[in-house]
Structure formats: C-alpha cells, structure tokens
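Read through the structure below, which is laid out as structure tokens, and then see the notes.
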Amino acid sequence: MLEPADRRYGPAPLPQPRGPLSAAVAGALRRPPHDLPAGLGADLDPADPLADEDLQLTLFLCYELHYRGWRGVDEGWEWQPTLLALRARAERPFEAALRRLGAPPPLPPGGVASGLAELVAADDGPPLAATLQRRADLAQFREFVAHRSVYHLREADPHSWALPRLGGPAKAALVEIQTDEYGNGRLDRMHAELFRRTLDRLGLDTGYGAYLDAVPAVTLATNNVMSLFGLHRRLRGALLGHLAAFEMTSSVPNRRYGNGLRRLGLDEVATRFYDEHVEADAVHEQIAVHDLCGGLVRVEPALAGDVLFGAAAALAVDRLFAVHLLGSWAAGRSSLRARTALTVSLPATVSAAAGPLAGVA
C-alpha cells in the first residue's frame, strides 16, 4: 500500500482510456518498453481536437512521462522512439487547432508588451470567477477545484521547461517568477502545497492526479497546451507568452475565488492559495511582460509573434474551459465527466453549507 506522501507527490496511476488510441497507449505502457504497431494514429483526424477525449488523454499520457511518470510504468518509455512518433502525430492536429483558435493580431507598433496588453484587454471570456465569487454553491466550487488540481498540484513545472532554453534577461526574469512559485525553497510555501491545503479543506482528494478520470477533454487541453509549448524548444516564445497571459489575468480572478470561498464559510487555510496569488501575480505580471517576454524579444525579435500566439492560445483555451463549466451548471448538470462523483469529507465548519454535491449518477 502506498504511503500518503507517495500519493501526494506522484506518480499517479494510469487513468482509464477514452477511446481506441488512448487504450492502445495505456495498454502498451503497462508492459516493458517496446515498439508500437506501425501506423498507430496515422489516420488521426478529430473533428474538434480540443474537445476530443481520446486525443487529449493520449497526449496527456505521453506528456506525463516527462513529468513524474505513471505508477508502475517503466521509465524507459519516456524516450521510446515509436511512442514519440505517435505523440508527434497527435500533436499536429492539436497545435493546428490552437493556431486557429488562438491566432493573435499582428504585432502592434508598441511591441510585444502592447500586443500582450491588447490581447488581454480584448479577452471576452465568460464570468467564471465572478460566478464562483457570488453565486456558485460549494458543490460547484469543489468541481472547479477538482478541475484545477490537474495543473495546480504541479504548478509552475510546465513553464520551468523554458529555463535551460533561455539566457540573459529573460532567464533571470523567469527564475524570479518561478522562485516565488516554488515557495523560495520552502515546502510549506510552494504554491502546489498551498493548493493541496485548499483541496483538503474542501474535503477533496489531495493525491497527485487524483481527478484525471473525472475531468473532461477541455481540462486536459488547458494542461496539454503548456506541455506542448514546454517540450518543444521551437515553441519557447509561445511558452513565455502563455505564462505572461497567466500572470496578467490572475490577480482579479484569484481575489474573487478567495472571496467566494469566504462567502461559503471556508477559513484562511482554504483561501490562502488564492490570497497569495492576488499580490504575487500583480508583481509577476510586470516581470512577465517587460522582463521575461520583452527580454526574450529584445534578444530574439523573430519570436515576438510566437509570444503573442502563446498568450492568445492560453486565453482561448481558458475561455473554452469557462464556457464548459458555466454551461454545465446552467443546465443543472455536473461539469465533470459522466458517472463521476467526487468523494468528499467536509470539515464540520462547512458541512451545513454544502448541500448536495453536483455530480452525475
């Protein structure tokens, strides 16, 4: 039986397949590394790559081998040539969809900082943060946190892939941001650890990857876009633009998330993750725009368009995520996958406020 620390810090167990391609990959990963069948995935042509459960899980299965791996899976799979070839085939429609969805406008005369500001100002995503602050019940807030746990329990890791690919001012700026994300070397201040306490306060599973089977393709896509950008050096500009968009759109939503939890009777332990981001990300925003992205483009001007693409893709995929959650709740159903129920054990201080958990029988 695994010790609690093993569950908290990974690796996670393999999730259940969602189609023939993810079934083939998951089945292969349960065996020692070997060549996959020739042509596996060659006919891959999803109508909507960002919403395709099989494609997004296949990508996540491949990408996680470069993070903490999968429980019981031979680590030799990370660089197995035929699996990498399959991943490349799956990435093509995914990246093409991102470029269609997140196509940025031309670089304005003011440069990359102005371009990022214009993208964020023009973003018309639905009011997920405001809904969670003012109207969401505790069951819906738990669903939101379960979705976000896929990223927040490894917060900052995807963007750290850029560190060895940068030099000079951009590298220094990224180190400054990531140092904060990792708690300045203190476990109890790491943002992933703060989020784990939020999960615990909400009575949710704190294990790494605990809700992979529960979240839909759009949630996996919000994570896969970071891995796509992070694992390809050619997309380093997009990765930094993605991070800049994250930081530029973080402070106000996180204030709303914290206030929403307070409205529902949660304490400062539950809200600290969000409260921490209100102040930290206001500072990170300036570093990310001017020192990180600006520093990169001063050294490599040709990457300005990639920076704006990464930011536009981040905003576009997050918009799809918000549309899914709000649309599900407006229709009176769970935003999680069918037949998923969240197992919860609520603290006594919030049990009375909980009401029935929004789930799908």
Side-chain angles (χ1 to χ4, degrees), residues 2 7 10-98 146-147 149-151 153-154 158 205 207-228 231 317 320-321 324 334-343 359-361:
L2 290 172
R7 288 201 67 253
L14 283 167
Q16 292 298 309
R18 303 186 187 183
L21 193 58
S22 57
V25 172
L29 293 178
R30 290 187 172 90
R31 299 160 51 199
H34 59 274
D35 285 345
L36 300 178
L40 182 64
D43 57 350
L44 192 63
D45 187 24
D48 184 355
L50 297 173
D52 191 283
E53 298 286 349
D54 198 24
L55 174 67
Q56 291 300 326
L57 182 59
T58 296
L59 285 168
F60 199 95
L61 287 168
C62 294
Y63 287 147
E64 185 61 24
L65 293 168
H66 301 287
Y67 290 99
R68 302 184 199 180
W70 295 106
R71 190 180 303 167
V73 170
D74 191 307
E75 293 183 348
W77 274 110
E78 182 179 7
W79 299 108
Q80 208 287 329
T82 61
L83 183 61
L84 292 176
L86 172 61
R87 193 189 89 188
R89 287 194 289 274
E91 286 176 331
R92 284 194 282 272
F94 180 44
E95 183 176 346
L98 291 172
H147 283 283
S149 69
V150 178
Y151 169 67
L153 289 181
R154 66 178 184 200
D205 195 326
Y208 181 75
Y211 292 110
L212 282 175
D213 282 325
V215 301
V218 68
T219 304
L220 296 180
T222 64
N223 289 270
N224 286 338
V225 66
M226 289 180 266
S227 297
L228 172 70
L231 289 168
V317 176
L320 293 178
F321 172 76
H324 170 73
S334 172
S335 64
L336 299 172
R337 296 182 67 225
R339 298 177 299 281
T340 294
L342 298 182
T343 301
V360 178

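What you see is a predicted model, and the numbers here were worked out from it, not measured in a lab.
Of the possible polar contacts, none joining the R68 side chain to the A12 backbone as a donor-acceptor pair under 3.5 Å is found. Under a 3.5 Å cut-off, the side chain of D74 and the backbone N or O of P33 do not form any donor-acceptor pair. The backbone N or O of Q56 lies less than 3.5 Å from a partner atom in the side chain of N224, making a donor-acceptor pair. Side-chain atoms of W70 never come within 3.5 Å of backbone atoms of E64 as a donor-acceptor pair (strictly under, hydrogens ignored). H324 places a side-chain N or O within 3.5 Å of a backbone atom of S335 that can act as its donor or acceptor partner. The backbone N or O of L44 sits nowhere less than 3.5 Å from a side-chain atom of R92 that would complete a donor-acceptor pair. The closest donor-acceptor contact from the side chain of T219 to the backbone of H147 lies at 3.5 Å or more, if one exists at all.
Atom CD of residue Q80 and atom CZ of residue R87 lie 12.5 Å apart, to the nearest 0.5 angstrom. Considering CG of D54 and OG1 of T58, their distance stands at 4.5 Å, rounded to 0.5 Å. In this structure, CG on L21 lies 13.5 Å from CD on E53, to the nearest 0.5 angstrom. Atom CG of L212 is separated from atom CD of Q16 by 11.5 Å, given to the nearest 0.5 angstrom. Here the CG-CZ distance, from L55 to R18, works out to 11.5 Å after rounding to the nearest 0.5 Å. The distance from atom CG of L98 to atom CG of L50, rounded to the nearest 0.5 Å, is 5.5 Å.
Listed here is the closest heavy atom pair of R7 and A210: NH2-CB, 4.5 Å. Closest approach of F94 to A221, counting heavy atoms only: CZ-O, 4.0 Å. Closest of all the heavy-atom pairs between A28 and L36 is CB-CD2, 3.5 Å. When all heavy atoms of S227 and R154 are compared, the pair lying nearest together is OG-NH2, 3.9 Å.
When ring centroids are compared, W77 and H34 come within the 6.0 Å threshold.
Taking the side chain as every heavy atom from C-beta outward, V25 and L29 approach each other to under 4.5 Å. Put simply, the side chain of L83 reaches to within 4.5 Å of the side chain of C62, judged on heavy atoms. The shortest distance between side-chain heavy atoms of L59 and L220 does not fall below 4.5 Å. Between Y151 and T222 there is no side-chain heavy-atom pair separated by less than 4.5 Å. Between E91 and Y63 the shortest side-chain heavy-atom distance falls below 4.5 Å. Side-chain contact check for S22 versus F60: every heavy-atom pair is 4.5 Å or farther apart. Contact of the P15 side chain with the L61 side chain is registered, since non-hydrogen atoms from C-beta on lie closer than 4.5 Å. Between W79 and H66 the shortest side-chain heavy-atom distance falls below 4.5 Å.
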